[in-house]
Amino acid sequence: SLPGESGEEREDVDQVTLYSYKVQSTITSRMANTIIQSKLVNNSPQPQNVVFDVEIPKGAFISNFSMTIDGTTFTSSIKEKTVGRALYSQARAKGKTAGLVRSKALDMENFQTEVNVLPGAKVQFELHYQEVKWRKLGSYEHRLHLKPGRLAKHLEVDVWIIEPQGLRFLHVPDTFEGHFDGVPVVLKGPQKAHVSFKPTVAQQRKCSNCSETAVDGQLVVMYDVNREEKAGELEVFNGYFVHFFAPDNLEPIPKNILFVIDVSGSMWGVKMKQTVEAMKTILDDLRAEDHFSVVDFNHNIRTWRNDLVSATKTQIADAKRYIEKIQPNGGTNINEALLRAIFILNEANNMGLLDPNSVSLIILVSDGDPTVGELKLSKIQKNVKQNIQDNVSLFSLGIGFDVDYDFLKRLSNENRGIAQRIYGNQDTSSQLKKFYNQVSTPLLRNVQFNYPHTSVTDVTQNSFHNYFGGSEIVVAGKFDPDKLKQIQSIITATSANTELVLETLAQMDDLEEFLSKDKHADPDFTEKLWAYLTINQLLAERSLAPTAATKRRITKTILQMSLEHHIVTPLTSMVIENDAGDERMLADSPPQDHSCCAGALYYGEKVPSNGIPSWANAAPTPVVPMRLAGAPVLESTPPPHVMRVEND
Amino acid sequence: PHFIIYLPKSQENICFNIDSEPGKILNLVSDPESGVSVNGQLIGAKKPQKGKLHTYFGTLGFYIRSEDTKIEITTETITLSRGSHTSILSWFDTAHVAYQRVLVSVKKEKTVTVTLNKELSFSVLLHRVWKKHPINVDFLGIYIPPTSKFSPNAHGLIGQFMHEPSVRIFNGRPGRDPKKPEASMEVKGHTLTVTRGLQKDYRTDIVFGTDVPCWFVHNSGKGFIDGHYKDYFVPHLYSFLKRP
């Protein structure tokens, strides 16, 4: 009789065995390199389709992929998109596909490979990607999505963190609902840490006699670094430098903030409910010295108050009541809504009602494209740019997938802000609040990074409209080590009511010894960080390019850098082929909103470097000598000398 | 703390020490008319030496009334307050902060310079000692160049000398201790016995300092300073001196 006919439960023997699933992540000064490796065996008598599905953070750059199937190795190379497609079409691999697809998860995307494996054959996958850790709300968050798909004989995750500035704290929150309590092991030193996560097969099981794996989620490591100098940390190595700037202990700058909320019909239901809930918390967070108002729009434009009002408890309570009564309906007139908000700010500014030292922000929340009024997106962009004043920053939050995110990104980037996608689900409210918390505490305005030495070149965006508490501005550049023994940085900025000049110096060999002592430290982190920033900023500039020629020039630079630094960007593809070159797969970047530096809060500009402003060069206190010359000794007591007095 | 008062007209340095106790706040400059006060709070060494606990300036406070600006300098931080706004720098910074007429410049681990209106300026030096030293503690020094910018009623342990008193030093002679020459000094109606001494100016050499020969006034400057040094205790870091 066939096993199982006797009624006993024939355990479903897994056709494919996951022999090992290993993740190694190394963060060197915010630059993270991650390798995911998976080894499987097909134990069944039939060929099996095996999928290697890895979720990677949006904005990460894939740098390498290799695969070995039954002894045949496939390696990857980065090609210009059309070249990649041509190569692929010449030798499409049979029964093998690869690709980068949009993920449903928040700011993630999927790298998927599917291959057909013969009975008894072994297959190994290995993917490398790199990303920059952006500081948000006072910490860096490193998320590793673990999805082995089945129990693994060896499941090992190792995260090494190497921060020359020193670790202020490091924390591994429970993200598996307690299932793996006690499994993550954290070793933390002053400047380094190692987090390992190696559950046994038994620990991986969903339950004691289950055959499914409970490992399906994100391992999260949160940390922050020490900050001694307000001028930030300047790290130089290998001809590149990176400047991390995150000053604290500064007085928040008063803000004038206009919330522009889409209340068209498509916002009806969860989205509106979540938005109202978030707005109530956000309004409560306003500081007494802040000024605000609310503009809600569909095909009509309404305002809670026609001008900015002081964030007193009474006003906030009244604004909350107003928001609670909103009933979403009708079309979407983004153009008029933004112009109304801009008008309110301009009026207040022209009437001298705004504190000259304040920061003005517009936060647009919308879930769709314009359907009423001006529909042409480029015209809306033009209207906004023409009317908004230089001291106003526009931030756009796009809820869901119906919104033209690229439009919101362009709209924000060209008006000193950024856009962020918000997912329309039960989590909308916390996403809105989390975003607001990132911009709720402006600490500096007009922040400019200057590297006066002429042999410093290729500096990334170095001028920023605002600096918000809890975040970090990162600037990078190149220098000629033969000409420079140290790099000087001069940062000029305006805080609540003072002009600031912050200087710092970095010596060439500051990091040499530190990095050489750690086998995990990435000696190329400065170069990779510089390339990552440069390419991302170019991608954003490219979408704002005013002419086709400019766009072509930027495209050429991005392509050249992508190929040089061997990374998959929207302009390159990864061709995966066997040694013979007669089997090829193609991995493309998904059509994604490649906003500059997913996760960064800033979209700045590049401005020429200046020196120290004249006011800061005020002559130091005159060293008025106190007759330091040896006063005539009254008595020449042999030998002529002057004695000390007690208490010296 | 040691005081060195340079008298430009007589071209003499006059020194004195104030031996007091940790926590006390000494008024250094008090000029209600121009609205500037400078006070120094004492800290003690980690433990007494030969039964005596040395005291130093651990915190200096500057108050500039016209700008509603307070600057507190400790051996760790430089706190700038204007009205309800506060910003904190550290000695690790190299920074310049301009509050309209007040400029505060920090040179990493060395000096803080407070300049008012580009004409009045004070330098504060940081003396960073070896953390594990059994006795020594970090402390501050303050240097105030002679200026005519204070009002005639400026006072305080240092402020009172902005308007130079006339001194006459005569009858130089070997002291009771033959190694310590003495002389007589006429000042403010008193005739004091002073001893030839050597103090230090650390502005050009923060470690060893530069020798400054001076006439040392004993008993905490009695007779050279107006009144008794205890008259210069003030309750807060930003107080003006209450004068009789």
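Naming convention: chains lettered A, B, ... in sequence-line order (proteins, then strands); numbering from 1 in each chain.
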Look at the aromatic rings of A:F245 and A:F449 and report parallel, tilted or perpendicular, splitting at 30° and 60°. perpendicular
Flag for A:Y140-A:E472: side-chain donor and acceptor within less than 3.5 Å: yes
B:K107 versus chain A, the contacting section by heavy-atom distance below 4.5 Å: neither
As an exercise: rank B:V104, B:T86, B:L80 by heavy-atom pairs under 4.5 Å with chain A and give me the winner. B:T86
Check ion pair B:E182-B:R176 (N to O, under 4.0 angstrom): yes
Taking the six-membered ring for Trp, are the ring centroids of B:Y202 and B:H127 within less than 6.0 Å of each other? yes
Can a salt bridge be assigned to the pair B:R128 and B:E76 using a cut-off of 4.0 Å between side-chain N and carboxylate O? yes
Ranking A:T498, A:D248, A:T494, A:L443 by heavy-atom pairs under 4.5 Å to chain B gives rank one to A:T498
Is it the side chain or the backbone of A:A496 that comes within 4.5 Å of chain B heavy atoms, both, or neither? side chain
With respect to chain B, which residue among A:V501, A:L502, A:T492 yields the maximal number of heavy-atom pairs within a distance under 4.5 Å? A:V501
